[in-house]
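Indexing begins at 1, ligand by ligand and atom by atom, following the structure's order.
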Amino acid sequence: MADKVIVKDLRKSFGENEVLKSISTTVKEGEVLCIIGPSGSGKSTFLRCLNRLEEISGGQVIVDGYDITDPKVDINKVRENIGMVFQHFNLFPHKTVKQNITLAPVELKKMTKEEADVLAMQLLERVGLADKADAYPSQLSGGQKQRVAIARSLAMKPNIMLFDEPTSALDPEMVGEVLNVMKELAKDGMTMVVVTHEMGFAREVSDRVIFMDGGYIVEEGNPQELINHPKEKRTIDFLNQVL
Ligand code: ADP
Ligand code: MG
């Protein structure tokens with residue numbers, strides 16, 4: 001499989017505070033990579049460096065063959081192919097579910113309004129919310145909002161999806177419905193990088209898990225290895241707390 005994301009010696013500082021210290025990894029096409037680690041370890045910053053939501057302080061990030069650290073690269077074009085889903089859904093409150101989904105692809109001239117409408121309904125079907133097309137976000141539960149946020153991302157037809165703790169803000173009974181949508185996406189071959197505390201998801205769905213601490217990749221491996229048989233003390237301590 002082709003390399004979708006190549007990260008070489010990535011460094012990121014905020015002022016004096018170096019929060020990513022020489023991160024290197026490669027994400028293959030169709031791979032599901034989970035990133036775990038304590039709060040403040042740099043997980044979100046790492047994810048945000050992959051679409052240059054954060055300026056990179058050093059090293060290289062290559063996405064789909066584009067070196068996004070190169071100022072000549074049109075970052076907006078690259079970003080169109082990278083979907084991102086956050087902990088908080090950031091839906092537009094005054095637009096319906098369907099309008100939330102069709103907005104970006106139409107504005108960015110990816111498709112006509114009619115095409116976007118058809119796609120929105122397909123995507124809502126896929127996340128189990130076709131009956132909510134005309135509802136407003138305030139009428140939805142947290143889990144439903146997050147599924148709409150995923151559908152909205154997919155409307156841009158990305159080939160990489162980044163998730164930053166997509167279920168952390170949800171009531172426990174809604175976590176499963178969002179993870180199921182993500183599981184289906186993984187099964188369909190989407191390349192995914194997922195920051196999560198859901199060890200069950202990491203174990204079941206991911207191809208590889210990275211444990212980060214203090215801005216470093218402390219340990220990485222397949223989920224069975226890393227979650228069931230961690231080698232590093234810091235990984236063991238962290239897993240003891242979350243499992
Ligand atoms: P995680 O997602 O693992 O909890 P973050 O990537 O959010 O960790 O944060 C890593 C470190 O970077 C933290 O010490 C945090 O305070 C710092 N940090 C994150 N974003 C900023 C910012 N915009 N400005 C300054 N410091 C930041
Ligand atoms: Mg975070």
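Within the 4.0 Å cut-off (strictly below), no protein heavy atom is located near atom 16 (O) of ligand 1.
Ranking the protein heavy atoms by distance from atom 6 (O) of ligand 1 puts Thr45 OG1, 2.5 Å first. Scanning all protein heavy atoms for the shortest distance to atom 13 (C) of ligand 1 gives Gly40 O, 4.0 Å. Taking atom 7 (O) of ligand 1 as the reference point, the nearest protein heavy-atom neighbour is Ser44 CB, 3.8 Å. If you check which protein heavy atom lies closest to atom 24 (N) of ligand 1, you get Phe14 CD2, 3.4 Å.
Residues that satisfy the ring pair (Phe, Tyr, Trp, His ring centres under 6.0 Å) test with Phe211, not counting sequence neighbours, are Phe238.
Within the protein, the N, O or S atoms sitting under 2.8 Å from the Mg ion (ligand 2) are Ser44 OG.
Remark: Asp3 engages Lys28 in a salt bridge, criterion side-chain N to carboxylate O under 4.0 Å. At a threshold of 4.0 Å, the pair Glu204-Lys183 counts as salt-bridged, since one of the basic side-chain nitrogens sits closer than that to a carboxylate oxygen. With respect to the salt-bridge test (charged N to carboxylate O, under 4.0 angstrom), the residues Lys4 and Glu31 do not qualify.
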Donor-acceptor contacts under 3.5 Å from residues 12-22 side chains, at least two apart:
from	atom 1	to	atom 2	distance (Å)
Lys12	NZ	Glu55	O	2.7
Lys21	NZ	Gly214	O	3.1
Ser22	OG	Asp9	OD1	2.7

Please list, one pair per line, the donor and acceptor atoms closer than 3.5 Å that link side chains of residues 87-94 to other protein atoms, with sequence neighbours excluded.
from	atom 1	to	atom 2	distance (Å)
Asn90	ND2	His88	O	3.2

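Residue-ligand proximity: Gly15 is placed with every non-hydrogen atom at 4.0 Å or more from ligand 1.
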* Starting from the C-alpha separation in whole Å, work towards a yes-or-no answer on side chain to side chain donor-acceptor pair (under 3.5 Å) for Glu177 and Asn180. => CA-CA 5 Å; Glu177 65 195 59; Asn180 279 336; over 6 Å; no
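Close approach of ligand 1 to Val19 (heavy-atom distance below 4.0 Å) involves ligand atoms 11 (C), 12 (O), 17 (C).
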